[in-house]
There are 2 protein chains.
Amino acid sequence: MARPTLSREQIVATAIEVADDGGLDAVTMRLVGQRLNASGMALYRHVANREALLEAMIDAVAGEFGYPEPRPAHWRDALAAMAWQDWRSYFAHPWFLVATATCRPVLGPRMLQSMEWALAAFDDVDVKPHEKLRLLSVLYSYVQGLALTWTPQGDGESVRQYWTERLLGTGLNRLEAIVGDLGEGEFDLDADFEFGLRRVLDGIELYLTTRPERPVKAAPDRQ
Amino acid sequence: MARPTLSREQIVATAIEVADDGGLDAVTMRLVGQRLNASGMALYRHVANREALLEAMIDAVAGEFGYPEPRPAHWRDALAAMAWQDWRSYFAHPWFLVATATCRPVLGPRMLQSMEWALAAFDDVDVKPHEKLRLLSVLYSYVQGLALTWTPQGDGESVRQYWTERLLGTGLNRLEAIVGDLGEGEFDLDADFEFGLRRVLDGIELYLTTRPERPVKAAPDRQ
DNA sequence: CTTGTGGTGCTTACAACGTAAACATGGCGA
DNA sequence: TCGCCATGTTTACGTTGTAAGCACCACAAG
């Protein structure tokens, strides 16, 4: 049989390149094929259809940067590291969140592995597995939701500019007060993210430490 | 001039119906027009293009259910009410989150009004406006992110079924332990949501009550 | 009453998309 | 050497968003 010149991994990688350059709309079968000196239809030999390609792209990005090994001993440090990593990933690939919203939530192998890593952060904590997932979900959701709000979308117009534009002249004084606040200070997205991250981790920590019925067992002190 | 038989509001409302029935992909200019006994091109007299239509749909849904008036006196009650309302909205219109992810974050008039309502919940709290927005963002993001994970996407396959399917046989024991947990117990999305909501509100409350430099001023006790 | 005039909806047309179907090709097993 | 079949290509079809031009009609001006 004819030696294949295309591979599934190569296709996915190229599609990711295309998406990074031109957004998710640019991920066209023909265009991805073109970057590989192939026709658009060639992709169908390695990928069921466009949606499957998107799912593959999502899972590829999900495992792109590994989480730190060994995992920090205290769950709070581990989860913070994970949150930062995800946060960075979302900005490295602005199309990522759009894709996950469009497709159903993708539980590919790499994504599952990441979840396992995160769950292991709670190994020292005496909570039911389902509650561990619930706690994780709070953090995942926060990171995802905030990124969704602030990732630059399509056109080059800065998100900050868009907000100040829209908030002024609305006659809503509390919103306009924020614009004043934003104008004078710097616009530091990472700082905003870290602020919220602290609140979320605080909420989780409060739960783990104050439930009288299930005391924390042998959680290592943070150094 | 010829009396108009279409109106922008009518178009937006019809488009929302279409999306509720057949998902966001069904929101085609031609199909929305057809429901109004009009051609697809007729819509362009009232809406710039498809994206503008989506943005209008988003803002319409954002203001569909008003938040409770009068607003609960304690910020925590107010924010909880808001979060539940948003949570319900996301499930009433599964396409909503997909649309907000696709378009840039939409700050339409109704959405801004909702934000103003939420900000007012912090009127009794002595925090800088920018920090109020940060605190709100934590909650918004959590609700949005969790809904994004659990809203049924497209096909009728239940999300729960999809998860159990994917989690089994991965060889990752922490994930499989969760499936066992899910299997025996009930699968109560609202309970999951409320659990996380408590954690987020706890995190916010901890911040507001323990900062030594900015004490809470005259926040009313909850009855 | 007649006559623009401009807002409204319709028709046609086009490029781009996902993808089904048939075809061409070339390396490997027999 | 022959045939097979996986791989990539070509062609084609239906659907999409939307640009361009046309047809209509109600009102203001004459």
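Keep in mind that this is a model prediction, so the values were computed, not measured. Below, chain A is the first sequence line, B the second, and so on; all start at residue 1.
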(message) Between C1' on D:dT15 and CD on B:Q34, what's the gap in Å once rounded to a whole number?
(response) 13 Å
(request) Would you mind classifying the nucleic acid contact of B:R45 as base, sugar-phosphate or nothing, using non-hydrogen atoms under 4.0 angstrom? (result) base
(request) Can you sort out the partners of A:E64 under side chain to side chain donor-acceptor pair (under 3.5 Å), two or more places apart, ordered by chain and number? (result) A:H93
(request) Ignoring backbone atoms, test whether A:H46 places a side-chain nitrogen or oxygen under 4.0 Å from the OP1 or OP2 oxygen of D:dA6. (result) no
(message) Using whole Å, what does the distance between atom C1' of nucleotide D:dA12 and atom CE of A:M41 come to?
(response) 11 Å
(message) Base, sugar-phosphate or nothing for A:A42? Non-hydrogen atoms, less than 4.0 Å.
(response) base
(message) Expressed as a whole number of angstroms, how long is the span from B:Y44:OH to C:dG7:C1'?
(response) 19 Å
N/O donor-acceptor pairs under 3.5 Å from side chains in residues 106-113 of chain B, not counting sequence neighbours:
none

(message) Looking only at side-chain N and O atoms, does B:R71 offer a donor or acceptor that is under 3.5 Å from a partner on B:Y67?
(response) no
(message) Expressed as a whole number of angstroms, how long is the span from A:L43:CG to C:dG18:C1'?
(response) 11 Å
(request) Grab the CZ-P distance between B:R50 and D:dT16 for me, whole Å please. (result) 10 Å
(request) Please list, by residue number, the residues of residues 5-30 of chain B whose heavy atoms come closer than 4.0 Å to an atom of DNA chain C; answer none if no residue qualifies. (result) B:T5, B:L6, B:R30
(request) Run the salt-bridge test on B:D123 and A:R174 with the 4.0 Å N-O cut-off and return the result as yes or no. (result) yes
(message) What I'd like to find out is whether the side chain of B:R134 reaches to under 4.5 Å of the side chain of B:H130, using heavy atoms alone.
(response) yes
(message) Is the shortest side-chain heavy-atom distance between B:L53 and B:M57 below 4.5 Å?
(response) yes
